[in-house]
J.: 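Can you keep this structure in mind? I'll have questions shortly.
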Number of protein chains: 2
Amino acid sequence: MFRALTTILQSTTMPSPVCVLCQVRGESICGSLDDSELGQLHAIGRRQHIQAGETVIWAGEESPNCANILSGVFKLSALTIDGREQIVGLLHPADFIGHPYASEAEFTVTALSECEICLFPTAAFVEILESHPPFALALLKRSFETLDAARRRILLFGRQSAEERVAGFLLEMAGRPGASRATNGGPVTFELPLSRGGIADVLGLTIETVSRQMTKLRMAGTIALPGGRLVTVLNRNALERHAGKI
Amino acid sequence: MFRALTTILQSTTMPSPVCVLCQVRGESICGSLDDSELGQLHAIGRRQHIQAGETVIWAGEESPNCANILSGVFKLSALTIDGREQIVGLLHPADFIGHPYASEAEFTVTALSECEICLFPTAAFVEILESHPPFALALLKRSFETLDAARRRILLFGRQSAEERVAGFLLEMAGRPGASRATNGGPVTFELPLSRGGIADVLGLTIETVSRQMTKLRMAGTIALPGGRLVTVLNRNALERHAGKI
DNA sequence: CGGACAGTTGAGAAGTCTCAAACCTCGTGG
DNA sequence: CCACGAGGTTTGAGACTTCTCAACTGTCCG
């Protein structure tokens, strides 16, 4: 898919919006560059719109590009031999996609919603990485953070029950910017970026088990499910208790 | 514990063996430095022996040091609220311990066997990191690899049965250097760095389940258990089948 | 209205955990 | 030298959680 995008890039002359106005510059690795360095990065990158469901990196294939997420949510997944899918992580705005030094990708990266990314050819990206030490350090910091996040997920999987996983997932989603939070401490309503099946794949459960746990939380008055993928957290304390965090 | 070690360091004048002869230099991040740069790193680091069971970093505490593993195996673990332990990863020779940019450690690091490490004060280590771009890039590469390893572990937890986890764990251990491999393709015997309880914590299972799965593999003629923590792989293909990798 | 799809609910099966007891191995002290 | 105890391991039985298979509901859209 990235190969296809590359082709598009080479034949396009679409002007890119300037990085200086980028909505994620502050949080992303680009924040370590000054305006002139940013110009160099900008010269090799292009903004791309990605549709929901589109896969930008396939596990087992070489990926000639990497990217920064500007908006939207991606999933990072793998298949087991017998065809079951496991989502090993979600990627949000300002997160980095791709491994500059890996010969082939180990996981598949797929857009869950409509997304916007800042796309770089890996070779050119590596050049900038190697000629701008602060940039490499910024990516290093981010990869350490990502590593800790991955390890927290291992903790989740290894020792938590279905109830704890679902409650913990809802808390994580409610805590993300983009969740339209209401009064301080009051109910927060947000939209899940995933279907029940997607949540099941993230949490290592089945659709039915996720559904049952959501119903249980709703019956307990901890959350409300106004419809669609909307979730309202009515009692955050109770939700944290269900998540095993208290 | 690292604090204690620091105290020892300051009061000691023990000469360190030279890095040039280091047994893990080729694989570790130090491999990116030339002999003179290595001298600078050497100047801030000291070799330390760590006894089995000793904890070098405590989750939730600031850690003023980081380190490279020269020999031995460490576990990276966390406790859930209700006191259960989960091991989120194992660290082997040439692996890196600590997060240069984290204010406090998120996981506890404990030696499983007698270990030897190359210890650095984080502040001085960061200075070298920031003044030697190739060194930062080497650490970056390693952290990407570690990230992929963590994600493979998520896959293991999310979708694999007890049988697959135990078989997969044995394969991983058998594949490590240090496993005394016999004839090509023939039986390999090695010593597990962990008790049954430790394996259970790594795999997110109970001691009893691990024991039952090992017995099952032994009964099937796939492995033999000569005693102690020794394991002999009699039929690698069968073991891979049990691990769900075929 | 009919069909497709996501979500919910139910019943039984399967896998893993919990609790309990027996078994080994090994170092210690009588 | 042997008895003993501690710690780790194995085995068993039953309980519990989650999965699987299946049916049903609701919504959206043609």
Side-chain angles (χ1 to χ4, degrees), chain A residues 52-53 80 82-86 112-113 156-170 191-220 222-232 242-244, chain B residues 52-53 75 80 82-87 112-113 156-170 191-220 222-232 242-244:
Chain A
T80 54
D82 53 344
R84 296 167 293 183
E85 181 182 31
Q86 174 63 50
L112 289 172
S113 60
L156 177 107
F157 276 109
R159 287 289 183 239
Q160 294 191 220
S161 65
E163 179 179 20
E164 290 169 324
R165 293 182 198 197
V166 171
F169 177 77
L170 292 178
E191 185 162 12
L192 293 171
L194 295 154
S195 68
R196 293 286 184 276
I199 297 172
D201 287 332
V202 170
L203 300 179
L205 300 169
T206 58
I207 293 178
E208 296 93 324
T209 300
V210 172
S211 177
R212 278 185 249 268
Q213 296 301 332
M214 300 270 276
T215 303
K216 210 164 117 188
L217 289 171
R218 181 169 55 79
M219 292 302 188
T222 305
I223 62 171
L225 301 170
R229 290 180 181 176
L230 293 175
V231 177
T232 303
H242 283 290
Chain B
K75 68 176 180 184
T80 54
D82 53 345
R84 294 167 294 184
E85 181 182 32
Q86 174 63 50
I87 297 179
L112 289 172
S113 59
L156 176 109
F157 277 109
R159 288 286 182 244
Q160 295 191 217
S161 66
E163 179 179 18
E164 290 169 324
R165 293 183 199 197
V166 171
F169 177 77
L170 293 178
E191 185 162 11
L192 294 170
L194 294 153
S195 67
R196 293 284 184 277
I199 298 172
D201 287 333
V202 170
L203 300 180
L205 301 169
T206 59
I207 293 177
E208 296 94 325
T209 300
V210 172
S211 177
R212 277 185 248 269
Q213 296 301 332
M214 301 270 275
T215 302
K216 209 163 119 190
L217 289 171
R218 182 168 53 78
M219 291 304 189
T222 306
I223 62 170
L225 302 170
R229 290 182 180 175
L230 293 176
V231 177
T232 303
H242 284 289

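If you're wondering where the values come from, they're calculated on a predicted model, not measured in any experiment. Lettering follows sequence order; numbering is per chain, from 1. Just so you know, these numbers use all the heavy atoms, side chains as well, and skip hydrogens, waters and symmetry mates.
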J.: From the list D/dT9, C/dT16, D/dT20, which nucleotide is the closest neighbour of the side chain of B/Ser195?
T.: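 Closest nucleotide to the B/Ser195 side chain: D/dT9.
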J.: What's the CD-P distance between B/Glu164 and C/dA14, to the nearest Å?
T.: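 So the CD-P distance, B/Glu164 to C/dA14, works out to 17 Å.
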J.: Please encode protein proximity along nucleotides 23-30 of chain D as a string of B, S and -, counting only heavy-atom distances under 4.0 Å.
T.: --------
J.: Got a sec, which pairs hit side-chain hydrogen bond (donor to acceptor under 3.5 Å, both in side chains) with one end in residues 201-213 of chain B, sequence neighbours left out?
T.: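 Matches after skipping sequence neighbours: A/Arg159-B/Asp201, B/Thr206-B/Thr209.
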J.: Where is the tightest heavy-atom contact between B/Leu170 and B/Met214, given as atom of each residue plus distance?
T.: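 Shortest heavy-atom separation between B/Leu170 and B/Met214 comes out as CD1-SD, 4.1 Å.
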J.: Roughly, in whole Å, what's the span from CD1 in A/Ile207 to C1' in C/dT8?
T.: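 Atom CD1 in A/Ile207 sits about 11 Å away from atom C1' in C/dT8.
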J.: Which pair of heavy atoms, one from A/His242 and one from A/Ala220, lies closest together, and at what distance?
T.: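 Minimum heavy-atom separation between A/His242 and A/Ala220: NE2-CB, 4.5 Å.
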J.: To the nearest 0.5 Å, how far apart are OG1 in B/Thr222 and NZ in B/Lys216?
T.: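 Interatomic distance, B/Thr222 OG1 to B/Lys216 NZ, rounded to 0.5 Å: 10.5 Å.
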J.: Can you list, by residue number, the residues of residues 209-217 of chain B that have a non-hydrogen atom closer than 4.0 angstrom to DNA chain D?
T.: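 Result for residues 209-217 of chain B: B/Ser211, B/Arg212, B/Thr215, sorted by number.
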J.: Counting distance only, does the side-chain N/O of A/Arg165 pair as donor-acceptor with the main-chain N or O of A/Phe157 below 3.5 Å?
T.: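 Indeed, once roles are kept as given, a pair shorter than 3.5 Å links the two residues.
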J.: So, OP1 or OP2 of C/dG15: does either fall under 4.0 Å of a side-chain N or O from B/Ser161?
T.: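 Negative; the distance criterion is not met.
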J.: Could you give the angle between the helix axes at the two ends of the helix from C/dC1-D/dG30 to C/dG30-D/dC1, with five pairs per end, rounded to 10 degrees?
T.: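 One end axis against the other gives 10°.
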J.: In residues 197-204 of chain A, what residues come within less than 4.0 Å of DNA chain D, judged by heavy atoms?
T.: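 Under 4.0 Å from DNA chain D: A/Gly204.
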J.: Give, for atom CZ of A/Phe169 and atom CG of A/Leu194, the distance between the pair rounded to the nearest 0.5 Å.
T.: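 With rounding to 0.5 Å, CZ (A/Phe169) is 5.0 Å from CG (A/Leu194).
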J.: Could you measure the distance from the CD atom of B/Glu163 to the CG atom of B/Leu217? Nearest 0.5 Å is fine.
T.: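 Those atoms lie 6.5 Å apart.
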J.: Tell me the closest heavy-atom pair linking A/Gly168 and A/Ala243, and the distance in Å.
T.: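 Heavy-atom minimum between the residues: N-CB, 3.7 Å.
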J.: Figure out the CZ/C1' separation between B/Arg218 and D/dT9, and round it to whole Å.
T.: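 Spelled out: CZ on B/Arg218 to C1' on D/dT9 is 11 Å.
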J.: Output the rounded distance in Å from CG (A/Leu225) to P (C/dG7).
T.: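 Rounded to whole Å, this separation is 11 Å.
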J.: What I'd like to find out is whether the side chain of B/Gln86 reaches to under 4.5 Å of the side chain of A/Gln160, using heavy atoms alone.
T.: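 They are not in contact (no side-chain heavy atoms under 4.5 Å apart), so the answer is no.
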J.: Search all heavy atoms of B/Val166 against all heavy atoms of B/Val210 and return the closest pair with its distance.
T.: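 Between these two residues, the closest heavy atoms are CG2-CA, 4.4 Å.
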J.: If you restrict it to nitrogen or oxygen atoms, what contacts under 3.5 Å exist between nucleotides 20-25 of chain C and the protein, and what is each distance?
T.:
none

J.: Which heavy atom of A/Ala52 sits nearest to which heavy atom of A/Leu112, and what is that distance?
T.: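 Where A/Ala52 meets A/Leu112 most closely, the heavy atoms are CB-O, 3.8 Å.
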J.: Please identify each residue that fulfils side chain to side chain contact (heavy atoms under 4.5 Å, CB included) with B/Ile207, with sequence neighbours left out.
T.: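 B/Arg196, B/Ala200.
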J.: Looking only at side-chain atoms of A/Leu205, point me to the closest of C/dT18, D/dC19, C/dT16.
T.: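 Side chain of A/Leu205 sits closest to D/dC19.
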J.: Measure across B/Gly244 and B/Glu164 and return the closest heavy-atom pair with its distance rounded to 0.1 Å.
T.: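 The answer is CA-OE2, 4.0 Å.
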J.: How long is the straight-line distance from CG of A/Leu225 back to CZ of A/Arg218, given to the nearest 0.5 Å?
T.: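 That separation rounds to 6.0 Å.
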J.: Could you check if a side-chain atom of B/Leu203 sits within less than 4.5 angstrom of a side-chain atom of B/Leu156, using non-hydrogen atoms only?
T.: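 Yes, side chains in contact.
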J.: If you check every side-chain atom of B/Arg196, which of C/dT18, D/dT18, D/dT9 has the closest atom?
T.: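 It is D/dT9.
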J.: Would you kindly compare A/Leu194 and A/Arg159 by the position of their nearest DNA chain C nucleotide and give the one closer to the 5′ end?
T.: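 Per heavy-atom nearest nucleotide, the more 5' residue is A/Leu194.
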J.: Side chain to side chain contact (heavy atoms under 4.5 Å, CB included) with B/Ala224: which residues, sequence neighbours excluded?
T.: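 Side chain to side chain contact (heavy atoms under 4.5 Å, CB included) list for B/Ala224, sorted by chain: B/Thr232, B/Leu234.
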